[in-house]
> 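One structure is given below, represented as C-alpha cells, and several questions about it will come after.
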Amino acid sequence: MLTSIQNPLVKEIRKLHSSKGRREQQLFLLEGTHLLEEACAAKYRLATVCCTPEWLDQHGKLWDQVGNLADRTELVSAKVLESIATTVQPDGIVATAPRTATDPAKLSTLGIALETIQDPGNLGAIVRTAAAANADGLLLSADSADLDHPKVLRASAGAWFKLPMAVSPDLTAEVSTYKNRGMQILATVAGASLSYWEVDLRVPTLIVLGNEGSGLSEELRSLADRQIQIPLSRGVESLNVSIAAALIMYEAQRQRTD
C-alpha cells in the first residue's frame, strides 16, 4: 500500500491537477465512485486507479471491473488519496485515464457549439444537460476550459461518457460547415429581436453560445440564421451560460414532442 505523498507515482498524479500536467502526460483525472462507475459502464480505458482499503471493502465488485480496464491498480492511504484528489473530501477512489482523440461529433438534429467558455463548472453542466436533452453532441473552441478538467468531469455527473464531444481548432469554420449542410444556426445575443421560443426548433439546429462575459464573437454572430435572446427582468444583465443552454435545448425538446 502506498502511504507516502512523496512517492513518484503520487507526484505524477498530482501534476494532473493542472492543464500543463494533463497536456504533458496526456492523462486526466477521474474522481469518485460515480465517475468510475460511468467509466466502467462505457468501458473507458484507465491508466492508474488508486483507492483506500476502506473504499475497497465497500466496492469489491466495482474494483473488479476497474481492474479489467486499468493498466495499474494501487491501494493507498487516506492521506495519499487526499493529496492526489482535487476535492476537499474525496470518497475513496481516484483514477487517471488517457486523453484519447475522439471522432468529431456528428451533428444532424440538435447540437451545441461553445465559444471560449472559461468556467469548467459551466462547461460540465452544459455537457450534462446536452446529454439529458438528447443532443447529438457538443463542439468546443480550443480556447475554452479543458474538456477533461476535473471540475468538468464532476459537474457532468457522468454524462461526460455519454455525449459525443470535440474540441475545434477553428469553431467558426466548423459551424460554417454545418450551416452549409443545412443546419439552422442560432446565436444567443443580448438584445436580439427574437426570444428563443419564437424560433422553430423542430428543424436541425446548432445552438451557439459564447463566453460568460463577452458573449459571442462577431464572426460567429454573423453566421447565424437567427439571433435569439432569453428575456430578462429589468435590472438583470444576463443568465449563467449553462442555464441559457438548458433553456434553449429543452425548448427544442418541448417543440419536438408537442
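Values below: every heavy atom of this structure, side chains too, minus hydrogens, waters and symmetry copies.
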> Which pairs with one or both residues in residues 118-134 pass salt bridge (Lys or Arg N to Asp or Glu O under 4.0 Å), sequence neighbours excluded?
none
> Only counting residues at least two apart or in another chain, list the ones meeting side-chain contact (heavy atoms from CB on, under 4.5 Å) with N240.
N122, S242, I243
> Assess whether side-chain contact (heavy atoms from CB on, under 4.5 Å) is satisfied between I93 and C50, documenting all intermediate values.
CA-CA 6 Å; I93 187 165; C50 300; over 6 Å; no
> Going by atom type alone, with no hydrogens or angles, which donor-acceptor pairs under 3.5 Å involve a side-chain atom of residues 61-71 and a protein atom two or more places apart or on another chain?
unit_1: N68; atom_1: ND2; unit_2: D64; atom_2: O; d: 3.4
unit_1: D71; atom_1: OD2; unit_2: R45; atom_2: NH2; d: 3.2

> For residues L110 and I126: do they belong to one hydrophobic cluster (side chain heavy atoms under 4.5 Å, members Ile, Leu, Val, Met, Phe, Trp, Tyr)?
yes
> Scan residues 76-95 for pairs that pass salt bridge (Lys or Arg N to Asp or Glu O under 4.0 Å), counting only residues two or more places apart or in two chains.
none
> According to salt bridge (Lys or Arg N to Asp or Glu O under 4.0 Å), does anything in residues 148-163 pair up with another residue at least two apart or in another chain? List the pairs.
R22-D148, E31-R154, E38-K162, R99-D148
> Strictly distance-based, threshold 3.5 Å: is any side-chain N or O of Q26 a donor or acceptor partner for the main-chain N or O of P98?
no
> Does any non-hydrogen side-chain atom of T109 lie less than 4.5 Å from one of P204?
no
> side-chain contact (heavy atoms from CB on, under 4.5 Å) with N134: which residues, sequence neighbours excluded?
Q253
> Who passes side-chain contact (heavy atoms from CB on, under 4.5 Å) against A155, sequence neighbours left out?
none
> Side chains of S141 and E115: do they bring a donor and an acceptor to under 3.5 Å?
no
> Please check if V241 and M165 belong to a single hydrophobic cluster, counting links between Ile, Leu, Val, Met, Phe, Trp and Tyr side chain heavy atoms closer than 4.5 Å.
yes
> Measure the shortest side-chain to side-chain distance between L9 and T48 over non-hydrogen atoms and say whether it is less than 4.5 angstrom.
yes
> Could you tell me which residues satisfy side-chain contact (heavy atoms from CB on, under 4.5 Å) with T172, sequence neighbours excluded, listed by chain and number?
D170, E219, L220, L223
> Between N211 and S214, is any side-chain donor less than 3.5 angstrom from a side-chain acceptor?
yes
> State which residues pass side chain to side chain donor-acceptor pair (under 3.5 Å) with E74; sequence neighbours excluded, sorted by chain then number.
R72
> Do P53 and M1 make a side-chain contact, defined as non-hydrogen atoms from C-beta onward lying under 4.5 Å apart?
yes
> If two hydrophobic side chains count as joined below 4.5 Å and joins carry through other members, does V94 share a cluster with F28?
no
> Mind listing the side-chain donor-acceptor pairs of residues 195-203 below 3.5 Å, one per line with the distance, residues two or more places apart or on another chain?
unit_1: E198; atom_1: OE1; unit_2: S195; atom_2: N; d: 2.7
unit_1: D200; atom_1: OD1; unit_2: R202; atom_2: N; d: 2.9
unit_1: D200; atom_1: OD1; unit_2: R202; atom_2: NE; d: 3.0

> Once side chain to side chain donor-acceptor pair (under 3.5 Å) is applied, do any residues pair with E218, and if so which ones, sequence neighbours excluded?
R221
> Got a sec, which residues hit side chain to side chain donor-acceptor pair (under 3.5 Å) with Q184, two or more places apart in sequence or on another chain?
T205
